[in-house]
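Here's the structure, in structure tokens; my notes come after.
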Amino acid sequence: MKKFLKEEPQIYFSNDNKKIIKVIKYFCKGCGICIHFCPKKVLDWDKDFKVFAKNPNDCIACYLCELMCPDFAIFVEKEK
Amino acid sequence: MKEEIKNYLRLDERFPHILCPGCGIGTIANILIRTFNELNLDKNNICLVSGIGCSSRIPGYIDCDTFHTLHGRAIPCAIGVKLARPYLKVIIIGGDGDILAIGLSHFIHAARRNIDLTVIIVNNYNYGMTGGQVSPTTPKGKFTYTTPYGNLEEEFNIYEISKSAGAIFFARSTTYHVTHLKKVLKKALTKKGFSVVEILSQCPTLYGRLNRLGDAVKMLEEFKNRTIDISLIKEPGEIPSDKIIIGILLDREREEYCEKYERLRKAINEKRD
Amino acid sequence: MRQLLSGNEATAIGAIKAGIRFFAGYPITPSTEIAEYMARELPKIGGVFIQMEDEIASINAVIGASASGMKAMTATSGPGFSLMQEGIGYACMAEIPCLIVNVQRGGPATGLPTKPSQSDVMQTRWGTHGDHPIVVFYPYNVLESFYLTVKAINTAYFLRVPVILLTDEIIAHMREAVELPEEVEIYQPKRKKKSPEEFLYYSEETIYDSEVAYFGEGYRIHISGLTHREDGFPTNKPEVIKRKLDRLKRKIEDNKEKLWDLEYQDIGAEVCLISYGISARTALEAKYIFEKEEKRALGYIRLKTIWPFPDKPLRALLKSAKKVIVVEMNQGQLINEIERAISPEIEIIGVQRYDGEIITPEEILAVI
């Protein structure tokens, strides 16, 4: 039943481990909003036309992808 | 998924939700939940009421009391809920067709009464659930499946309707301006009285496709380029006619209906004693 | 205490006695007195009266209040009742109890606002789209307007369905001296035992006479007019859809014996009058005149429950009858239902009038 809850999110760390991008691939519909509006072009499409973090090191944790995602599919965490 | 988001969602097998890829309604649900979280609203004290349409499917995914009513009838149902349980935060989510076409009379009368409700109008310029027909907010000349030669009618100005009907708060935002949207939603939810938030949203599947506006990203870019925040306008004359004004356009105070009714009840009983 | 009351006033008093605390309505002759009484009395007892912008809004506000745990009703007539059909269908599907009073007037359209009629009998049953049964009661005097209102409200909250009280312009405006009880028996839904996590709004246990959760109680329920599962969320699965529609039917099928209410006299007679509401008063008068003149009995049956149609009791009561006369103020609505219910050997005649004037005993006597 709760397939996505069993499915682990894809997790991408920056090199200093301070920024973590989590993608719930099962939720992503591949609309590309986060990819386009990311100010640092961190994200890109993977082979399934879903989002993945290509350059997690460039992430500035502005949370724009997380806020604009219509599908609750991407989350950014920042270590304080 | 972050805990504060999880807390307000009914995460079951109905996810991922039914909305099309790139639909702005999902973003609105996302921001609405974050607003609840930032306002520290108890989910047991929120009642989300909706009618029929794409945007009216949001409440089903949010974990609070939710009321999926008939097409256009969300506002009268919400009035019933609010009058029976005045302590509830009653929020109505509806589309432009739901609230401004079939439900318009309910909308203006609720504004006139100034009942403590927050109405979120998701304006995607067409009827999405039935497959892209003309709505009261479809701009003149635009194409839908029921205006195949272009829309002959003028669109509604929701701000003018709300203002003259007696709403105490009106704000406009878009699915591009997410932080701005969160800010105005916060303001609307804390106002006591009839508050309206119009959110311009993209419908890439129907309206966008029929009018060759491109995909969700292109439509969002247009929201970005075509809008101007009211706080940036110094003189009223300087707004270019093709710009859409966003921001808090109306913010005033009027006495709220439930409070008036409570006072009436007290006055009657004191007179009898 | 004896008081002189109209049918509408008795209905309003009965409603408040039975626990109604919310009224949303729209003025329409001949039901307006109910709204006026409620506007005066409800704020005194912690209730809410609101006059909405139309009948559609009224019925939906009633549904909203009832779903939030306030016993709610509305009252209307002909054209307003037509507007409310959508909301009544919603209340059936979403299983939200409420009372709708329809004071019948002449139709169709604006028709005869100040004249009586009984032409909404079939509309109460088949007015909405979609399959669902309905409960309808019909009083014939002021005192019964009071008692059937109480019964209608208790039935609505017992079964969790909308219940319709039919009356007509004469019953509503006629004044009679009546003695009303101080208190009436009120049905209270069972107390909740389940926690919000395990409670399902449309589960098998909540079909009728059950524990109920309302908005604002922390149960975070989802109420929907879409065909739904046990938790209220929409579904397209054929077996779930069938189970839902069967459930709506079962609510009333399981309890119909309790709902059936008839009054009868001289059942053994060869000829029997069947009527309801205001026409039953004429029928009773015709019976007295006939018996005085002819020195033999005339059967008389009056339906208090119109829907679910009391076919089984009628069949039993009319076992020895040869001829049945159905008296009603329309072009023949319930006569078809009666014809279906009783033995085909019985001759069936209708006395019908639909010119806004009441049927006279002479018209009935002429066909016996």
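It should be emphasised that the depicted structure is a prediction, and the values quoted were computed from it without experimental measurement. Here is the naming used below: chain letters follow the sequence lines, and residue numbers restart at 1 for every chain.
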Can you name the nearest heavy-atom pair linking [X] to [Y], along with the distance?
X       : Y       : result
R85(B)  : F215(C) : NE-O, 2.9 Å
E217(C) : D65(B)  : N-OD2, 4.3 Å
F67(B)  : G64(C)  : CE2-CA, 3.7 Å

**Message:** Using a 4.5 Å heavy-atom cutoff, which residues in residues 87-106 of chain B come close to chain C?
**Reply:**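 Residues of residues 87-106 of chain B touching chain C at under 4.5 Å: Y87(B), L88(B), S105(B), H106(B).
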
**Prompt:** Mind checking which of residues 72-82 of chain B sit less than 4.5 Å from chain C, heavy atom to heavy atom?
**Reply:**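 Result: R73(B), P76(B), C77(B), I79(B), G80(B), V81(B).
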
**Message:** Nearest 0.5 Å, please: how far is CD in E86(C) from OG1 in T69(B)?
**Reply:**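 Between T69(B) OG1 and E86(C) CD, I get 9.0 Å after rounding to 0.5 Å.
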
**Asked** About how many Å separate CD of E41(C) and CD1 of I268(B), when rounded to the nearest 0.5 Å?
**Response**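 Rounded to the nearest 0.5 Å, the CD1-CD separation comes out at 9.5 Å.
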
**Message:** I'd like to verify something: which residue of H222(C), R21(C), M70(C) has the highest number of heavy-atom pairs under 4.5 Å with chain B?
**Reply:**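 Between H222(C), R21(C), M70(C), the count favours H222(C).
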
**Message:** Let's test your reading of the structure: which of A57(C), S66(C), G225(C) forms the most heavy-atom pairs below 4.5 Å with chain B?
**Reply:**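 Between A57(C), S66(C), G225(C), the count favours A57(C).
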
**Which portion of R112(B) sits near chain C, non-hydrogen atoms under 4.5 angstrom** =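 When you check distances to chain C, no heavy atom of R112(B) falls under 4.5 Å.
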
**Request:** Go through the atoms of D63(B) and report whether side chain, backbone, both or neither lie under 4.5 Å from a heavy atom of chain C.
**Result:**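 Both parts, heavy atoms under 4.5 Å.
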
**Message:** So which residue, N44(B), T66(B), L264(B), ends up with the most heavy-atom pairs under 4.5 Å with chain C?
**Reply:**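 Greatest number of close heavy-atom pairs with chain C: T66(B).
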
**Message:** So which residue, R57(B), R14(B), H109(B), H71(B), ends up with the most heavy-atom pairs under 4.5 Å with chain C?
**Reply:**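 Heavy-atom pairs under 4.5 Å are most numerous for R14(B).
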
Can you establish whether the number of heavy atoms outside [X] located under 6.0 Å from its atom [atom1] is more than 12?
X       : atom1 : answer
D131(C) : CG    : no
K260(B) : NZ    : yes
K266(B) : NZ    : no
K182(B) : NZ    : yes

**Prompt:** How about residues 42-54 of chain C versus chain B: which residues have heavy atoms under 4.5 Å apart?
**Reply:**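 Listed by number, the contacting residues are P43(C), K44(C), G46(C), G47(C), V48(C), F49(C), I50(C), Q51(C), M52(C), E53(C), D54(C).
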
**Prompt:** Tell me the ring-ring contact (aromatic ring centres under 6.0 Å, His included) pairs involving residues 18-58 of chain B, sequence neighbours left out?
**Reply:**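 Applying ring-ring contact (aromatic ring centres under 6.0 Å, His included) to every pair that reaches into residues 18-58 of chain B, excluding sequence neighbours, yields Y8(B)-F36(B).
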
**Item:** Beyond-backbone contact of L70(B) with M93(C), side-chain heavy atoms, under 4.5 angstrom
**Value:**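 No. Closest side-chain heavy atoms not under 4.5 Å.
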
**Asked** So which part of P196(C) gets closer than 4.5 Å to some heavy atom of chain B, the side chain, the backbone, both or neither?
**Response**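 When you check distances to chain B, no heavy atom of P196(C) falls under 4.5 Å.
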
